[in-house]
Amino acid sequence: MTFKISPDLIGTENRKLEQAQDDDYAGLARQLDRRGIDIEAMTRRAMDYAVAIPTWGVGTGGTRFARFPGLGEPRNIHDKLADCGVIQQLCRATPNVSPHIPWDKVADYNALRQEAASYELGFDAVNSNTFQDQSGQKTSYKFGSLTHASKATRDQAIEHNIECIEIGQKLGSTALTVWIADGANFPGQTNLNAAFDRYMDSLKAIYDKLPRNWFVFLEHKLYEPAFYATVISDWGSSFMAAQELGPKAKCLVDLGHHAPNTNIEQIVARLIRAEKLAGFHFNDSKYGDDDLDSGSVDPFRLFLIFNELVDAELRKAKGFAPAYMIDQSHNVTDPIESLMVSAMEIVRSYVQASLVDRAALAAAQDESDVMAGHRLIKQAFNTDVSPILAEARRRKGGAIDPLSLYRTSGYRAAKAGERPVSGVASAGKIGR
Ligand code: PSV
Ligand code: MN
């Protein structure tokens with residue numbers, strides 16, 4: 001028997017916090033009522049919001065310098081599902097997991113789907129991996145994959161992506177996310193346009209294999225591991241590719257994949273307008289692709305992105321159906337704690353953005369009343385919606401305070417006993 005957090009513990013711990021929660025919720029309800037906002041409508045929105053967890057996120061991450069394994073970290077997809085199950089059990093905002101192939105390969109995907117369902121989890125977009133060599137593969141990705149100069153290597157990478165689609169079909173996914181590391185470290189290493197042309201040819205071959213209701217999400221990233229030129233480096237390249245491929249191809253925005261200070265919310269607005277916004281990989285950063293926890297460094301930026309998303313949702317923008325996912329690397333925290341807190345911060349931004357008085361904002365903008373418009377945005381951002389988030393969790397059977405409940409439960413210590421230490425410190429950005 002493996003250790004599980006019992007529903008009874010959630011009940012017991014919630015009862016201790018109920019009175020304070022009721023008081024805080026009533027206080028916030030009065031405040032919002034004065035602003036003409038129905039708190040119940042906001043709580044329903046919080047209850048309906050969902051963001052997916054990447055299976056690789058529950059493993060301990062690392063940097064290029066070292067990886068320090070955590071206690072009781074997951075050893076395989078089965079352990080990862082158990083950990084993702086805890087996040088969903090306590091936070092009730094993360095009902096789907098996003099698998100990464102080949103890391104999460106198994107012999108029986110129907111069984112895996114059932115196993116996930118036993119934790120009340122489903123599967124989100126499948127991520128392919130042609131940024132590292134897999135054991136037994138014929139040719140190396142050292143100099144590229146889908147854009148490699150050699151056709152044999154490109155074909156191998158195409159085949160891998162097609163296999164990911166097939167696996168995803170068995171798991172109930174409807175999207176393939178493609179991020180490639182292809183690019184150059186030296187001027188002269190590749191022909192910049194020829195590499196893009198080869199990307200298009202490869203993606204067309206993958207696109208042709210997409211099932212009827214599927215999408216391919218193209219994920220851009222400015223740099224790393226290619227430090228001079230990355231083939232799909234920015235949303236312009238991603239958009240160009242998605243346009244050329246067709247309606248099933250959309251652009252995925254990973255928040256860390258832009259130059260510092262880039263106005264990501266404006267990129268989001270443009271992609272919404274073009275009906276090309278695939279969705280998100282949420283994280284936070286200070287300098288580059290830092291993979292820090294969502295909302296930990298710049299919660300206002302996250303809020304402003306959600307401001308665009310809620311605006312599109314409420315005006316029913318055509319083709320607007322973004323897939324939300326977290327993509328972070330947890331090097332110094334317990335990944336379960338980081339992912340719970342991140343999921344809560346993401347829902348927080350969504351609810352805060354839902355508080356914006358959009359009619360008043362439009363009026364202020366029409367009248368060029370700059371300060372009024374700005375104050376409306378800031379008023380929403382400055383509202384502490386924690387009681388709404390806690391209420392949404394409680395009503396869905398989750399924890400009023402997930403972090404303290406998780407610590408009280410002893411889950412990590414129990415897993416440390418069940419899952420022998422996986423290895424010594426080693427290099428690697430992503431923990432597996
Ligand atoms: C590499 O930067 C990366 O973090 C991308 O964001 C992908 O989404 C992720 O790895 C998994 O492939
Ligand atoms: Mn990503």
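What you see is a predicted model, and the numbers here were worked out from it, not measured in a lab. Counting starts at 1 for both ligands and their atoms, following the listed order.
Each of the atoms 12 (O) of ligand 1 lies under 4.0 Å from some heavy atom of Phe131. Those atoms of ligand 1 that come under 4.0 Å of a heavy atom in Asp254, given as number and element, are 6 (O). Taking every heavy atom of His257 and a limit of under 4.0 angstrom, the matching atoms of ligand 1 come to 2 (O), 5 (C), 6 (O). Within the listing of ligand 1, atoms 11 (C), 12 (O) sit less than 4.0 angstrom from a heavy atom of His100. Shown in contact with His281 at under 4.0 Å from a heavy atom are these atoms of ligand 1, numbered in order with element: 8 (O). Contact atoms of ligand 1 toward Asp289: 2 (O) (distance under 4.0 Å to a heavy atom of the residue). Each of the following atoms of ligand 1 lies closer than 4.0 Å to a heavy atom of Lys221: 1 (C), 2 (O). Atom numbering of ligand 1 starts at 1 in the shown order; those under 4.0 Å from a heavy atom of Trp56 are 11 (C).
Ring to ring, Tyr228 and Phe186 are not that close: their centroids are 6.0 angstrom or more apart. Between Phe381 and Phe300, a ring centre-to-centre spacing shorter than 6.0 Å is recorded. Between Trp235 and His220, the distance from one ring center to the other does not fall under 6.0 angstrom. Annotation: Phe131 is in aromatic contact with His100 [ring centroid separation under 6.0 Å].
Under a 4.0 Å N-O distance rule, the pair Asp401/Arg407 does not qualify as a salt bridge. Using a 4.0 Å cut-off between a side-chain N of Lys or Arg and a carboxylate O of Asp or Glu, Lys105 and Glu163 qualify as a salt bridge. A salt bridge between Arg270 and Glu265 is absent, with no side-chain N of the basic residue lying under 4.0 Å from a carboxylate O of the acidic one.
Ordered by chain and number, Glu219 OE2, Asp254 OD2, His281 ND1, Asp327 OD2 make up the set of protein N, O or S atoms under 2.8 Å of the Mn ion (ligand 2).
Around the NZ atom of Lys204, the shell of radius 6.0 Å holds more than 12 heavy atoms that belong to other residues, nucleotides or ligands. Other residues, nucleotides and ligands contribute more than 12 heavy atoms inside 6.0 Å of the CZ atom of Arg395.
Residue Glu219 places at least one N or O, backbone or side chain, under 3.5 Å from an N or O of ligand 1. Here's the thing with Asp327: one of its N/O atoms is less than 3.5 angstrom from an N/O atom of ligand 1.
For Arg44, the side chain to side chain contact (heavy atoms under 4.5 Å, CB included) partners at least two apart in sequence or on another chain are Asp38, Glu40, Ala41.
The side-chain heavy atoms of Ile87 and Val58, taken from C-beta on, include a pair separated by under 4.5 Å.
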